[in-house]
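First the structure, in the form of structure tokens, and then the observations on it.
Residue numbers start from 1 in every chain, and the chains themselves are labelled A, B, ... in the order their sequence lines are given, proteins ahead of strands. Just the heavy atoms: all of them, side chains too, but no hydrogens, waters or symmetry mates, feed the values below.
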Amino acid sequence: MGRKLLLDKAHIEGIRYYDVYRKNGGYAAAEKALKSMSPDLVTEEVKKSGLRGRGGAGFPTGLKWSFLAKPEGVPRYLVCNADESEPGTFKDRYLMEFIPHLLIEGLLISSFALGANRTYIYIRGEYAWIPDILEEAIAEAHKNGWLGKNIQGTGFDLDIYVQRGAGAYICGEETALIESLEGKRGNPRIKPPFPAVKGLWQCPTVVNNVETLAAVVPIINIGGDEYAKYGTGKSTGTKLISACGNLNKPGVYEIDMSISVEEFIYSDEYCGGIPNGKRLKACIPGGSSVPILPANLLLKTAKGEQRMMTYESLNDGGFATGSMMGSGGFIVLDEDQCVVRHTMSLARFYHHESCGQCSPCREGTGWMKKVLLNIENGKGKESDIDLLWDIQRRIEGNTICPLGDAAAWPVAAAIRHFRDEFEWHVRHPEEAVK
Amino acid sequence: MLTTSEKEQIEQEIRQVPVKKAACIEALKIVQQHRRWVSDEGIRDVADILEMSPEEVDSVATFYNLIFRQPVGRHIILLCDSISCYVMGFRDLHRQLVNLLGIQYGQTTPDGRFTLLPNPCLGTCDHAPALMVDQDLYRDLAPDVLENILAKYT
Ligand SMILES: NC(=O)C1=CN([C@@H]2O[C@H](COP(=O)(O)OP(=O)(O)OC[C@H]3O[C@@H](n4cnc5c(N)ncnc54)[C@H](O)[C@@H]3O)[C@@H](O)[C@H]2O)C=CC1
Ligand SMILES: Cc1cc2nc3c(=O)[nH]c(=O)nc-3n(C[C@H](O)[C@H](O)[C@H](O)COP(=O)(O)O)c2cc1C
Ligand code: SF4
Ligand code: FES
């Protein structure tokens, strides 16, 4: 059995409620941090743990916290990114829905470490039923003295606000999220300055993913060094993977980052293999923004080594023969799936969600969608494949935020690994439309 | 003109933020809650109370998928058209839904009952394909259950 740190108690009946959560060891980490540790010591433990941001970029959390500017008399903010809109990703929703107090406790400890007295959870509008669950947990925490003024007699004050989005993928990008919290269009800002220096209301702000903030709880409970013993290399701790597509047992799994991709897909402890005896064709291992990999490169790296479920191994070979851990959205395709069609659906998504500030992203995503729709509808030409390649190349690296890259990479990887399918589509238009 | 209750709710939001403008998204949501969609008049009403130009308010309103600048039906259907739902049978679901409703994306049934909209991933991909009607999520869908689901909404 893999060891668990976040979901170890998720199966307990009623764990959503304060009393049950508390009885099962909940708020012990908060008690420890607030009563026996200094804010800097908490940050130090997070640094030692090696925890990397679970929102997708994998930036070391302790390091980000230590970058937070602390000018005298200026408030600092913590913002929890619960915008989770990356197609194939649903781990944050799972955490908030089933163990909301783990997030609230994580927010409390993290706010204490950062010296933030107002903390926001920005949650996507489509998760319509989750804010009520969070508000209820927040009210319970208040009632039991874990939020509000002078928490547990320590003199620390904290209020947590839940802010609902209104339907915009780009508002998951941290600076767009901040703009939206300020009531504006979610247009990403140019970085630097990073939010750690100029964030919400121009004040120093840390934006962290739901899972990142929840992981702070076990880190304080067992200590940073102990946490770092889970996983391998620079992929310390456990990671939530949301698995979907053609799998016998799709769902959210907490993995110790020391298992192989093969074990994750085929073993009964995890996804239980591909239904109906079908063969594995391809996988997008880290949410829709990361490169798709064909089965052979998914299970083994180009060097012939077993591919592991870690940041480093999933990235082995760069984008030529590897992919990324990303947001942990693990999408599996069996032999009957059409890569061209799925690439079209992704291109359409990114075009729709582009905020329109940068022309390479705004125009490029539109062109990619158009060309892919043509190919999908049997109206494509051989030269369209090179055209697609050319468009994606012109987007990458030429935009304000990485949404442009995120739109370009899947198209590039699909052509790189499945060019024959694109060619088949343009050569057999009648069959392709079916 | 804002109704008294709209005005009260918006003023409550204004008190939460450092500058009036910052309540823009919430104010639009409040107006939409009361009127189902935000008309040009709704935009002007929000602009007045927040001391913004109507153009500025409109640029915020049109940015967000879930703020409607056109009349919508009594119930909103958000059909997930992202990759996992595609893998698990979105196309048949979409075909059947369009058949049953007799409308395309972005349209409202003539009786004003439903508006059909595409929506990116609803975050329930392990139970794909999925859709939402108003606040209710439906998962693991097959085309033949759609009729019963729609019947619940009048
Ligand atoms: N979870 C989801 O639903 C989605 C996740 N993503 C992921 O988002 C990733 C891109 O995110 P970005 O925030 O643009 O990446 P980034 O690399 O710019 O930043 C990562 C984090 O580190 C911080 N940071 C980096 N350098 C810093 C410095 N010198 N000082 C202070 N802070 C610093 C940033 O503020 C940010 O919080 C992609 O890799 C993708 O996987 C993308 C779409 C959706
Ligand atoms: C287009 C785009 C969408 C993003 N969406 C999310 C998201 O939904 N949730 C999230 O945590 N991070 C998202 N990110 C990453 C954030 O910008 C940021 O890196 C993250 O919230 C930092 O938290 P972490 O360090 O805990 O990972 C997105 C980035 C981009 C470019
Ligand atoms: S890359 Fe796209 S989404 Fe990001 S700022 Fe530019 S136009 Fe907007
Ligand atoms: S892709 Fe449809 S719910 Fe995620």
Side-chain angles (χ1 to χ4, degrees), chain A residues 84-94 124-130 161 163-171 180-187 201 242-247 249-252 284 287-288 329 331-334 337-338 341-346 348-349 352-353 355-356 410, chain B residues 13-14 16-29 32 38 46 50 52 56-68 76 78 80-88 90-91 117-137 139-140:
Chain A
E84 191 170 65
S85 317
E86 175 92 335
T89 314
F90 45 98
K91 65 184 179 72
D92 297 339
R93 195 255 305 150
Y94 188 94
R124 67 185 300 214
E126 290 91 339
Y127 282 175
W129 64 104
I130 308 285
Y161 301 88
Q163 181 72 33
R164 300 162 200 235
Y169 168 73
I170 190 61
C171 289
S180 181
L181 267 180
E182 294 180 358
K184 298 184 264 184
R185 290 167 65 93
N187 285 348
W201 314 118
S242 60
C244 57
N246 300 121
L247 288 169
K249 296 193 298 167
V252 175
I284 304 174
S288 63
I331 310 162
V332 171
L333 308 184
D334 73 17
Q337 298 295 332
C338 169
R341 174 172 302 153
H342 295 315
T343 308
M344 183 278 293
S345 98
L346 291 177
R348 194 179 51 193
F349 166 72
H352 186 258
E353 299 299 328
C355 85
Chain B
E13 289 300 329
I14 293 175
Q16 313 271 338
V17 287
V19 287
K20 279 190 173 185
K21 264 185 182 186
C24 187
I25 300 172
E26 290 310 307
L28 287 164
K29 283 190 204 161
Q32 178 160 300
V38 186
V46 171
L50 298 182
M52 296 167 72
E56 207 178 349
V57 174
D58 198 23
S59 84
V60 175
T62 50
F63 187 85
Y64 294 96
N65 298 335
L66 300 178
I67 298 203
F68 309 127
I76 308 282
L78 299 179
C80 173
D81 65 352
S82 287
I83 182 159
S84 318
C85 287
Y86 248 86
V87 171
M88 303 304 287
F90 159 84
R91 298 210 322 161
L117 298 172
N119 203 81
C121 181
L122 292 167
T124 188
C125 329
D126 49 343
H127 293 282
L131 61 76
M132 274 180 99
V133 185
D134 302 333
Q135 310 273 302
D136 310 325
L137 182 64
R139 328 189 294 171
D140 296 309

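- Side-chain contact between B:Leu66 and A:Glu126 is present, with at least one heavy-atom pair separated by less than 4.5 Å.
- The closest side-chain heavy-atom distance from A:Lys184 to B:Lys21 is not below 4.5 Å.
- Contact record, B:Lys29 with A:Gly165: NZ-O, 3.7 Å, taken as the closest heavy-atom pair.
- With chain A as the partner, the residue from B:Cys24, B:Ala128, B:Pro18 showing the most heavy-atom pairs under 4.5 Å is B:Pro18.
- Counting all heavy atoms, side chain and backbone alike, B:Cys121 lies closest to A:Ser85 at CB-O, 4.4 Å.
- Note: B:Arg91 leads B:His127, B:Gln135, B:Arg91 in heavy-atom pairs under 4.5 Å with chain A.
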Residues A:Tyr94, B:Asp126; criterion side-chain contact (heavy atoms from CB on, under 4.5 Å); working and verdict: CA-CA 11 Å; A:Tyr94 188 94; B:Asp126 49 343; 5.9 Å; no
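- Taking the side chain as every heavy atom from C-beta outward, B:Asp81 and A:Ser345 never approach each other to under 4.5 Å.
- Contact of A:Leu247 with chain B is not made at all, since no heavy-atom distance falls under 4.5 Å.
- Contact tally against chain A (heavy-atom pairs below 4.5 Å) for B:Ser59, B:Ser82, B:Ala23: the top residue is B:Ser59.
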What do the steps show when you test A:Trp129 against B:Leu137 for side-chain contact (heavy atoms from CB on, under 4.5 Å), and what is the final call? CA-CA 9 Å; A:Trp129 64 104; B:Leu137 182 64; 3.5 Å; yes
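- Per-residue heavy-atom pair counts under 4.5 Å with chain B were compared for A:Ala168, A:Pro87, A:Cys171, A:Ser288, and the maximum is reached by A:Pro87.
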Can you check side-chain contact (heavy atoms from CB on, under 4.5 Å) on B:Asn65 and A:Glu353, steps first, answer last? CA-CA 9 Å; B:Asn65 298 335; A:Glu353 299 299 328; 3.3 Å; yes
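- With chain B as the partner, the residue from A:Glu84, A:Lys249, A:Arg164 showing the most heavy-atom pairs under 4.5 Å is A:Arg164.
- A 4.5 Å side-chain heavy-atom check between A:Tyr169 and B:Pro120 finds every atom pair outside the cut-off.
- Expressed to the nearest 0.5 Å, how far SG of A:Cys338 lies from OH of B:Tyr86 amounts to 10.5 Å.
- Summarising the geometry of A:Tyr127 relative to B:Leu122, their closest heavy-atom pair is CE2-O, 3.4 Å, with the distance given to 0.1 Å.
- Across all their heavy atoms, A:Gly245 and B:Val87 have their closest contact at CA-CG1, 4.1 Å.
- Most heavy-atom pairs under 4.5 Å with chain B: of the set A:Glu86, A:His352, A:Arg124, this distinction falls to A:Arg124.
- Between A:Asn246 and B:Met88 there is a side-chain heavy-atom pair separated by less than 4.5 Å.
- With a 4.5 angstrom heavy-atom cutoff, B:Asn119 touches chain A only via side-chain atoms.
- When every heavy atom of B:Thr62 is checked against every heavy atom of A:Arg185, the shortest pair comes out as OG1-NH1, 4.4 Å.
- With a 4.5 angstrom heavy-atom cutoff, B:Glu56 does not touch chain A via any of its atoms.
- Listed here is the closest heavy atom pair of A:Gly186 and B:Tyr64: N-OH, 3.4 Å.
- The side-chain heavy atoms of B:Phe63 and A:Ser180, taken from C-beta on, include no pair separated by under 4.5 Å.
- Per-residue heavy-atom pair counts under 4.5 Å with chain B were compared for A:Ala128, A:Gly356, A:Ala243, and the maximum is reached by A:Ala128.
- The structure places CG of A:Leu333 at 5.5 Å from CD1 of B:Ile83, a figure rounded to the nearest 0.5 Å.
- For B:Leu28, no part lies near chain A; criterion is any non-hydrogen pair under 4.5 Å.
- Interface remark: of the candidates A:Cys355, A:Cys244, A:Ser242, A:Gly329, A:Cys244 forms the most heavy-atom pairs closer than 4.5 Å to chain B.
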